[in-house]
Undergrad: 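Please find one structure pasted underneath; my questions will follow.
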Amino acid sequence: MSDFDGGQQGRRRLLPILGGTHGGRSAMTCKYRCANACFHEAPNTSDNEYFGDMVDTAMSRRGLLRTGAAAVVVAGTGAASSVGAVAAAPAAPQVSRAKPPSSIKPEPPEYGRPVSFTAVGDNMLDAVVVPNGYDWSVTISWGDPVEPGAPEFDFDNQTAEAQQRQFGYNCDYVAVLPLDRNFDRALLWVNHEYTNEELMFRGWAGPESATEEQLRIAMAAHGGSILEIERVGDTGEWRRTRRPRRHNRRIHTGTEFHLTGPVAGSDLVRTTADPDGTTVYGMLNNCAGGLTPWGTILSGEENVHQYFGASADITDEERARRYSRYGLRTEAGTERGWERVDERFDLATEPNEPNRFGWIVELDPFDPASTPRKRTALGRFKHEGANVFVGADGRVAAYMGDDERFEYVYKFVSAKKYRDGTSRRDREHNMTLLDDGDLYVARFTGNSPEFPDSPPEDGLFDGTGEWLPLVVDGQSQIDGMSVEEVLTFARIAADKAGATKMDRPEDVEPHPVTGTVYMSLTNNTARSPEQVDEANPRPENKFGHVISVDEDNGDVASTTFTWRIVIVAGDPDDPETYYDGFDKSQVSQISCPDNVAFDPSGRLWLATDGMGGTLNANDGMFVMPIEGEDKGHLRRFVSVPIGAECCGPFITPDGRTATVAVQHPGDGDGASPENPLSTFPYGDQPRPSVITIWRTSPTGGPYIGD
Ligand code: FEO
Ligand code: CA
Ligand code: CA
Ligand code: CA
């Protein structure tokens, strides 16, 4: 393992190890993040087959997996060419990253740089730890003013009216968009995924006894923030502007959104307040996201089921079936109490309101007066996020994960073509691309059909795949379901199509240069030995894995692909683990990979959610070269304070700054305002925050990850 670096830190305080849960999170995180989804039966009870169902189950799979993984390691270290043979380079790659201004200064780093920093060691400190030669600062924290006129944060005197204009709670996806050619000014976008009322309010005793103002504050703390930031001198550091600026905006549960695409206006999304089925207030549980080449934000509504209560049992069978498939309650009761202050969150009286959440949202950060859009053509599920790639013919693919145990990976392919221009008309055209196109779901097939009864014969977990059609040319591809039904109940359509049940697909992101798609499968401890397949080869998958996918012929519209497992996460001493064939004695251990990002040098970044409960280490952000001699050399770049999950991350297009969301610091069982587990960012209470990390020493160049 790497030396403990202990370089730049905030406050160090050794704290007791958190109790683990199914995926490695604290019980508090499970409760507020996704309403204990992992404690319930997985909502996917479809009978489409696991790969393992198709082979003889006579032998012990677990023992064979162990052998198989060891074989992977041998093949990876000793016969690296076999890896390359599987992951053939896609043809005619096209750069697809969001464009910075054409003459951005300073110059971005060259492609393919190695990593040379000393890895940050595992720790459980109440501190941000970065490598020597780097520094960090807090850019913005929960409650800080975002909109002009917003009051300063006052923990003991919160109001919903103030929270609607202040930085929201648990921050997840972040993006930085240049505002000028010198890159001295930028916009910072941040998702606010969910709230933890036990840490936000003193004496919280549950939604039933909460004041109506507390419920409204929690509602207002969801959504997103957009704010102007500015460079500190000529360093890589960014800070928020001293006064809120023109672009600054809070998106919250009172913000108007429009539904667009095939489901807009359909019977499935009409409500008492919106008989046209086109206007929704708010976006909920926005987790990961992506930046489009035309400079808009895509943001995924994830665990939206938890916001809906029911004043009576749901007795209609079809409704109950659809609700159950999405984790919505069918019996009277509440999770968050929101229906007490806004009746649209009562399933018994407003049956279609949940159908208006669970979409990919597109927002224009450059226009503070714009109305964000929920793009229904991309399907409704527990969206982790979406990331797009422009194909050689100009069509755009959006890759998406549905983050729940045994759920699926999806792809949308636009009907229209991207316009590579900068005029207003080009941009307006590109902002219609996600309203019209085809939707697919992935089936992964291993190329070692004897697995798991025999180890993969080629020593690798890899194979081919198909994008199974759900909607093509505006027509439903699923018997008995209309286009509107396929999109609104995409999980049910994907069950019927026969998609592969995955180990919680989180961020799914194409490499901006090669188009190879990397996906984090964060964990799935519910997978039994009988349910393993070559793409999800580990039973009781506590640590997660990473898969890469190459479209056949490099064509984003291809309906076939090849895939391989890049990382099998966990303790490198565990023979089941695999780090892309690299010498495991030299890597930083990782578990529960979640957010995926790439830097301008083409390196893969992974942020984690759950290392505390799986490897007794704080979460963090890791970088790994994916080509060249250092391929697979994963190093930990940062660890975040105890109880926190590391989100974002975003490496700026000049390569000088990493922007990271520190989500739910101090989230741990028994923690409260009177007994905080963390005080990050070091006031009285823990406050979710966005931090920036930059290079301070010139050794090795002024770039992040060097
Ligand atoms: Fe919000 Fe999938 O993690
Ligand atoms: Ca996530
Ligand atoms: Ca990402
Ligand atoms: Ca996660």
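These numbers come from a predicted model, not from an experiment. Read the numbers this way: they start at 1 and go in the same order the structure lists the ligands and their atoms.
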Undergrad: What is the total of protein N/O/S atoms that are closer to the Ca ion (ligand 3) than 3.0 Å?
TA: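 The number of such protein atoms is 3.
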Undergrad: By ring-ring contact (aromatic ring centres under 6.0 Å, His included), which residues pair with F598, not counting sequence neighbours?
TA: H511, Y518
Undergrad: So, D507 and S520: side-chain donor and acceptor under 3.5 Å apart, yes or no?
TA: no
Undergrad: For a quick check under 3.5 Å, do Y32 and E198 share a side-chain donor-acceptor pair by atom type?
TA: yes
Undergrad: Taking 2.8 Å as the cut-off, does an N/O/S atom of E384 lie below it from atom 2 (Fe) of ligand 1?
TA: yes
Undergrad: So, of the N/O/S atoms that E506 has, which is the nearest one to atom 2 (Fe) of ligand 1?
TA: OE1
Undergrad: Using ring centroids (six-membered ring only for Trp), state whether W338 and F345 fall under 6.0 Å.
TA: yes
Undergrad: Is the W238 to F183 ring centre distance short of 6.0 Å?
TA: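 Distance test on ring centres: under 6.0 Å, yes.
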Undergrad: How is the N/O/S atom of E384 that comes nearest to the Ca ion (ligand 2) named?
TA: OE2
Undergrad: Please identify each residue that fulfils ring-ring contact (aromatic ring centres under 6.0 Å, His included) with H664, with sequence neighbours left out.
TA: none
Undergrad: Is there an N/O/S atom in E302 that lies less than 2.8 Å from atom 2 (Fe) of ligand 1?
TA: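 True for E302.
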Undergrad: Between D667 and T29, do the side chains contain an N or O donor and an N or O acceptor separated by less than 3.5 Å?
TA: yes
Undergrad: Quick check: of its N, O or S atoms, which one does D403 have closest to atom 2 (Fe) of ligand 1?
TA: OD2
Undergrad: Of all the atoms in D172, is at least one N, O or S atom closer to the Ca ion (ligand 2) than 3.0 Å?
TA: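 For D172, the answer is no, given that no N, O or S atom comes within less than 3.0 Å of the Ca ion (ligand 2).
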Undergrad: Can the ring centroids of Y307 and H305 be said to lie less than 6.0 angstrom from one another?
TA: no
Undergrad: Using the benzene-type ring in the case of Trp, are the ring centres of Y173 and F650 under 6.0 Å apart?
TA: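 No, too far apart.
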Undergrad: Using the Ca ion (ligand 2) as the apex, give the angle to atoms SG (C287) and OD2 (D594), rounded to 10 degrees.
TA: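 Vertex the Ca ion (ligand 2), arms to SG of C287 and OD2 of D594: 150°.
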Undergrad: Check ring-ring contact (aromatic ring centres under 6.0 Å, His included) between F117 and all other residues, then give those that pass, not counting sequence neighbours.
TA: F637
Undergrad: Name whichever N, O or S atom of E506 ends up nearest to the Ca ion (ligand 2).
TA: OE1
